[in-house]
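Chain A is the first sequence line, chain B the second, and so forth, proteins listed ahead of strands; every chain is numbered from 1.
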Amino acid sequence: MNDRLRAVSGQIIAVAVALLMGAIIILMVGESPVRVFMTLLRGAFGDQAKIAGTLLQTTPILICGVAACVGLRGGMFNVGIEGQLFLGGFAAAWVGFAFPLPAGIHMLAALALAIVAGAAWVAIPAYFRARYNTNEVVSTILSNYVAVLLTSYFTIFLFKRPGGWSETPPILPTAYLPGIFDFSRLNGGLVIGLVLAIGAALVFRYTSWGYGVTMVGSAPKFAEYGGVNVKRQGFLVLLLSGAVGGLAGGVETLGVHHRFMEGFAPGFGFDGLIAALLANGSPVATIFTALFFGALRNGSLLLEVDTGASREIITVIQALIILSVSAQVLVRRRGDSQAGERRWKF
Amino acid sequence: QDKVSVAAISGYFAQGFGVSIVNGLNKAKDEFGIDLKLVDTGNRALDYEEQFENLAKAKQYDLIFVMGWELVDSLQKVSKAYPDQRFVFIDGVLDNPNMIYANFAEEQGSFVAGALAGMIEAKGSEFPKIGDGMAIGFVGGRDIPVIRNFLGGYEQGAKYAAPDVKVNSVFAGTFDDPAKGSELAQALYGQGADIVYNVAGPTGEGVMQASAAVDKYSIGVDIDMCGTAPGNVLASMLKRGDIAVYTLIKDEVEGRKVAAGTRTFDLASGGVEVKVCDDIAPTIPADVTAKLDEIKKAILDGKIEIAKAK
Amino acid sequence: MEILDKLVNVALIAATLRTTAPILLVALGGSFTTKAGIFNIGLEGQMLAGAFFAVLGSIWTGSALLGVACGVAAALAFALVFAVLVVSFRANEVVVGLALNILAGGMTISLMKAIFGTRGSIVGQGIVGLPKVQLPGARDLLGSWASLISGFTPMVYVAFIAVPLLVLFYNRTRLGLYIRVVGEKPEAAEALGISITRVRYTASLLCGLLAGLAGAHLSLGYITMFTENMSSGRGFMAVAILIFSNGDPLKVLAGCLLFGFADAFSLRLQTFGYPSYLVLTVPYVVALTALFALSYRARPRIIMETLASMQKLLSVDKNPGPDGKHPS
Amino acid sequence: MSNASGSSTPHNAGNNAAGANVAGPDVAGMAVALTGITKRFGAFIANDGIDLAVRRGEIHAIIGENGAGKTTLMNILFGLLQPDEGSIRLNDEETVVADPAVAIKAGLGMVHQHFKLVPSLSVADNVFLGMEIRRHGLIDHAAQIARTRELSERFGLRVDPTERVGLLSVGIEQRIEILKVLVRGARTIILDEPTAVLTPQESRELFQTLRSFVADGMTVIFISHHLEEVMEVSDTVTVLRNGRRVATRPTVELSKDELVRMMVGREVSFDRRPREPQHGDVILEVEQLWARDDRRLPALRDVNFTIRSGEVVGIAGVAGNGQTELAEVLSGLRPASHGVARLKGRNLATFSPAEIREAGLAHVPGDRMVRGVDRNASIAANMLMGRQHRAPWSRGGVLNWNAIGQNASKLIKDFDIRAQGSGDAVKRLSGGNIQKVVLAREFTNGADFLLIDQPTRGVDIGAQEAIHDEIMRQRAAGRAILLISVQLDELAALADRILVMFNGRIMGEVAGDDADEDRIGMMMAGVAVPEFAAEPA
Ligand SMILES: Nc1ncnc2c1ncn2[C@@H]1O[C@H](COP(=O)(O)OP(=O)(O)OP(=O)(O)O)[C@@H](O)[C@H]1O
Ligand SMILES: Nc1ncnc2c1ncn2[C@@H]1O[C@H](COP(=O)(O)OP(=O)(O)OP(=O)(O)O)[C@@H](O)[C@H]1O
Ligand SMILES: [Mg+2]
Ligand SMILES: [Mg+2]
């Protein structure tokens, strides 16, 4: 408990340090830090619409973050969430516009295909990782590029909405994710994200399977010795991670855009990965890191309108926060020797 | 209401056409002392609607200029939520009767550019730096409808003026990678093209620089690019976003409230034009110049139908 | 056949060398950190910062060389931050690397706005690019093949010459040896009084040096301009190559050439009417295929290992005879 | 200080050695003198005001239980750790050993408990690492190889300088470690548990080498858990207990029993455990078993044996001769390439590792840190492994952490594991206690067949006794036990039969009651020993 308290207060100090550095930068570009931070706060939580907007921004980061957590738990570094998100988004849209189905079933079918698409996209890297120990970081990074280009190809060459922009035809309302408020686009995706995060935490903590997977991630030889099928669980975990990544894309298309747009959501995969890493791989903690990123992002949208500061300033501050928080994590494990730790276990 | 206040929102202020719009806005600001707000949307579709909300909610802007087709969906929603807010959609026409449209006929300008390139290529080695490949090239940014529209006009123009000339077209897949633009252009030059038209934003800058590197020709787009590689830039196909926003703001400032409806910026109105670079102009053979004028006239008279890309 | 002729020719090889050079430079930079046991996913950001400040320096000083120096200095600053956080504060390398990439993106755009009042790109404005190096006599000697060795900007030569230098560095210099040792068996280094911290800092900074050169090459050599996000994933590509080459300079070269070739080749494929988006995937698909194929059956390695363990068996067999000559 | 140190002295080391030889053991002053050394790790005191004086030209043994602070003390002496209190004199000079470089300069050399060699480098590169020979600023590999060869010949430490270290056996690795120390011109050599991984023959060779060092006027400090060898080779013994020095005495004045008493503070018996032959049904049958190692080379060649319930079968052999692979095949982690292993009549090849465990296998793995535990997880989580699908710990796939925690607490008590509670992370425990966690888990899962690999490696004598008792209790309970160990005395004390493995084959079998170290040692080295001839080298 005491440890945790120290850790949390450490994080807060780290954020404060980053904000201070941010304030200096803001001063340097000739704006008032107070005004900028107040605007940020107003933009993130100013009224119910702003709060809803923040939650809307949080949703994809959260789901991608859970995807990353699932992989990290099993010792798999899924850097390909971005690509899975794009394919999942496209797959959901495709079901949404091409196959008229009854309400409810339509949405579930679309989400299901998004999940399948995400999992399928990571299946080959996962297979090679499990079977031949092929580094999954490399293969998933590379497959991101292919996924984004591929969805662009599908969208523009095969399924383009006639006369329109580079986007698919709109999906049918039967496939929409239900909204939560009528004043916001916030939708059931948030609930899906929260359920996933808490569900993942429970599964990892309270099931035999989750225990096995956790052991595969933290001590693979031990797990193997204990009778856990390390290769199969590794494959499964990466597949699940990809599935959640695909779901993130499906949620975006069905919940917000109601069509697939070429290049619609760059960077969510990486945001999610960072959120998960800052949360130390804990899905529940990822809820908070994702919310933090979502608030920063939504706040920064108002910032650009209400002050002279540009959104890039926020990008810079966000990076500073990540950097100082990441260093903070380390203060806890300062030790005598640098040698003992394996630096990276890819 | 004393002072006119306008906002502009787009993800493309950094690229050719967007730059010309920013130029126009700044000119209006300098001349009329208006309030000006630029909002960069970035490239995440999730952000757009919130950004429109933030702009429209204040109700302080007389006009909001919107550029980029990916914003259309959010724009439609917000314009429904704020029916009193006047939006100017640049570079397209939608089905919304409350909106102001500034529509550009880039295919017309590209047609002329294509005709010019075709005729010069057809001259072969008579013309300096031209080989006998009988091919011209096109480098696009991403393979999206607007860019296809440029390509379509260019191809049709080249075929119209010089039926034997082939048009090789390639896309970089990105507007942000000039190095790739340079490689693409060099590949085209290597395959016999002597003139390459770029519609690729910063990626296209790489095309212009490649034309200087291999000493062939390039054609610029959106803004006057003759200075980027003097002697190697044949012409620039200007898409005068600056004129469009400037005239609209001018109307507004002078009390003629801009009303909903479509304004077309084409060859006829000077909204698009092909400017042959000053250092090249004297070397253009007279028959080419004459034929080019003829073509322009035919377009103005509606004698030439240019198919638009879907 | 005619198509093949048009596709595969001297120009393609020259283009391959050009497309390879920036990735090679940055990947060779990453080789230092990889060898030192640090996973550096922040190459992209270092490269971008290098590209931006190279242009800035070039404009301010009017000298391409000083521009390159500015670019390198900026990349070094990023590398230093990386080293401080990762080595001294032991932060997660992936988090720090990704955050520095974000920082580089946001910072270059903000600074561009603040200094030039524009977003997007800096063209003209007095940027002085690096000159092309025309090797004297190349054309007489090689004819049309001269374009394979002559007419590149300096950094292309630097990139390719760096490969044998790095081989020499790792095998024959003390620092190179220490970098390898620190990456492979840090406790061995520590026990011998080799400072792991110092070696990792040095490796990080060397990495920044080459990443900076790569960035400067992009904005002053390859072309002469800066545009936001102009590193365009080359840093990530380098990371991928680094992981499967394990940072060995020759393997890095092979990986970069493969990717460079696939890139240059695919650009040419487009002119035959294949859909751009599919053609653009070619380099990545080639790299993935190579990765999977290599791990599917790492034949050369298995053969080597088998030979080695044969040797081991033999040495075990003959070794225990306690017939050694003892001193005294 | 007589020896020049640093980069250019491999030659000098030899010359000095020759010169010092004349001087003989007559020494003035101490090679090493530690005064009042105290080292704390948080609240824990690892070294508590230790004084230690080592005379020049002696072999000084340091003994003590696991966690007594031996390694810590040596690390402080060598500059790897900084003492919180106390001072160090090296060769009669007050020295602040800020880092190993200082120690090396003062003529100290250390061979660590875990070797610190770089596998991808050649022997010569490893020997000269940190003090490379260079020409024109570049490392001169040829010169390094030549010097390594020269040195290895002079000290009788035979190695091939060009070979990659990753391919060599531990015995040779140790020679390289010693060469590393010598090439730095060390006059005082510290060895931390040098014989833990050696065959008896290799140990004997090592001691011969160490004696030749002191004959040359050098000083040797070594840590060991093997009291016989301490008695045999050392001149002086220092005993540590709980971070304090209990005694420093000339070896000749001491008996083994006295040593043990000083170490543990009570009597400990090592004799062969009395037992009744009570073998029952055949539990494990191994027939013509072949298997390949990770490099796909034969690691097991035609292995045959059976184990009955209530029987302890020992496997002796130098590490790396197929024991690991045998254990892996028997636990289902590695497929057999030929032959069968049957557990209670059922062919293991048809089972997954999890099913084998269900069928009645318990396994104490040899490398406990890697295979035996997750260091970062709690004791409770570690004790769950292998039974996470069984009631009462889980029902319908859902874990009951209450039951798991209670079970862990009970095992902690039963097995006398020194820990705060079941929530403690395993990495906070000492090596011996970690081993007890593994034993507790494996011995309580009701399996009929116990596969026990190196149960007491690096475990102190007190804990060894407890572990041996536990193994005998399991035997009495009718378990079939396969005991793999590199320690012959352990096998002799526990096993009914001892099989000797070399190069994947069973070289021979010896009854536990007449285990003869020399004969077994010969077989371990691959020499087929005829029944009657027992001629040690
Ligand atoms: N103990 C050490 N820990 C870490 N790095 C070291 C250590 N010793 C040397 N190095 C590194 O190895 C490199 C070479 O060191 P060296 O001392 O040989 O440099 P030098 O004196 O310039 O060599 P030379 O005199 O041959 O030119 C340096 O970059 C140094 O940082
Ligand atoms: N870095 C450290 N942090 C915390 N505790 C430590 C550290 N190093 C050693 N200890 C503790 O100090 C005590 C002494 O450890 P040390 O390694 O000196 O024992 P040892 O006598 O060498 O035992 P063994 O015979 O098992 O090798 C142990 O209880 C150990 O857990
Ligand atoms: Mg020890
Ligand atoms: Mg020990």
Side-chain angles (χ1 to χ4, degrees), chain B residues 10-16 18-19 22-23 26 38 40 42-43 135 137-143 147 166-193 201-210 212-214 225 227-229, chain C residues 3 5-7 9-12 14-16 18-19 21-23 51 109 112-113 117-124 129 132 147 151 153 217-219 221-234 260 263-281:
Chain B
S10 170
Y12 296 111
F13 289 141
Q15 296 165 9
V19 171
V22 175
N23 288 344
N26 282 333
L38 290 184
D40 194 302
N43 53 6
F138 174 93
V139 174
R142 296 206 319 225
D143 194 348
I147 309 292
K166 239 179 101 227
V167 181
N168 288 332
S169 57
V170 292
F171 292 87
T174 162
F175 288 105
D176 293 335
D177 193 345
K180 189 163 226 167
S182 157
E183 276 311 325
L184 281 167
Q186 294 199 38
L188 289 171
Y189 291 128
Q191 290 174 357
T203 300
E205 296 285 348
V207 175
M208 320 289 287
Q209 294 192 5
V214 303
M225 292 179 160
T228 35
Chain C
I3 289 186
D5 265 5
K6 262 178 110 175
L7 270 176
N9 50 28
V10 177
L12 173 64
T16 300
R18 281 195 307 267
T19 44
I23 303 179
I109 297 175
M112 200 166 14
K113 260 188 176 167
T118 61
R119 252 199 83 129
S121 19
I122 316 169
V123 203
K132 290 210 161 78
S147 63
T153 47
H217 171 55
L218 265 191
S219 63
Y222 210 146
I223 31 141
T224 313
M225 67 179 290
F226 177 82
T227 186
E228 59 182 70
N229 193 26
M230 78 181 297
S231 44
S232 283
R234 288 179 178 84
D263 202 7
F265 186 76
S266 68
L267 295 183
R268 281 164 172 72
L269 268 187
Q270 260 200 62
T271 53
F272 293 94
Y274 299 99
S276 63
Y277 284 105
L278 291 187
V279 170
L280 288 168
T281 63

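Looking only at heavy-atom pairs under 4.5 Å with chain C, the residue among B:Gly190, B:Pro178, B:Gly201 that has the most is B:Pro178. The candidate with the highest count of non-hydrogen atom pairs below 4.5 Å against chain C, out of B:Gly137, B:Ala187, B:Ser182, B:Gly227, is B:Ala187. The greatest number of non-hydrogen atom pairs below 4.5 Å with chain C, out of B:Ala179, B:Ala210, B:Gly18, is found for B:Ala179.
Two residues are said to be in side-chain contact when any heavy atoms from C-beta on lie closer than 4.5 Å; B:Asp177 and C:Met230 fail this criterion. Looking at B:Lys180 and C:Leu280, their side chains come closer than 4.5 Å, going by heavy atoms from C-beta outward. Side-chain contact between B:Gln209 and C:Thr224 is present, with heavy atoms from C-beta onward closer than 4.5 Å.
The distance from atom CD of C:Glu228 to atom CZ of B:Phe175, rounded to the nearest 0.5 Å, is 13.0 Å. Here C:Leu267 contributes atom CG and B:Leu184 contributes atom CG; the two are 4.5 Å apart, rounded to the nearest 0.5 Å. The distance from the OH atom of C:Tyr277 to the CZ atom of B:Arg142 is 5.5 Å, given to the nearest 0.5 Å.
Considering every non-hydrogen atom in both C:Thr227 and B:Pro202, the closest pair reads OG1-CB, 3.2 Å. The two residues C:Gln270 and B:Val170 come nearest to each other via the heavy atoms OE1-CA, 3.1 Å.
In this structure, chain C has a heavy atom under 4.5 Å from the backbone of B:Ser169, while its side chain stays farther away. For a residue to count as touching a neighbouring chain, one of its non-hydrogen atoms must lie under 4.5 Å from one of that chain's; by this rule B:Ala172 touches chain C with the backbone only. Neither the backbone nor the side chain of C:Ala11 comes within contact range of chain B; no heavy atoms are under 4.5 Å apart. In this structure, no portion of B:Leu38 lies under 4.5 Å from any heavy atom of chain C.
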Q | Derivation and outcome, side-chain contact (heavy atoms from CB on, under 4.5 Å), residues B:Glu205 and C:Ile223 | A | CA-CA 9 Å; B:Glu205 296 285 348; C:Ile223 31 141; over 6 Å; no
Q. What do the steps show when you test C:Ser276 against B:Asp143 for side-chain hydrogen bond (donor to acceptor under 3.5 Å, both in side chains), and what is the final call?
A. CA-CA 7 Å; C:Ser276 63; B:Asp143 194 348; 3.3 Å; yes
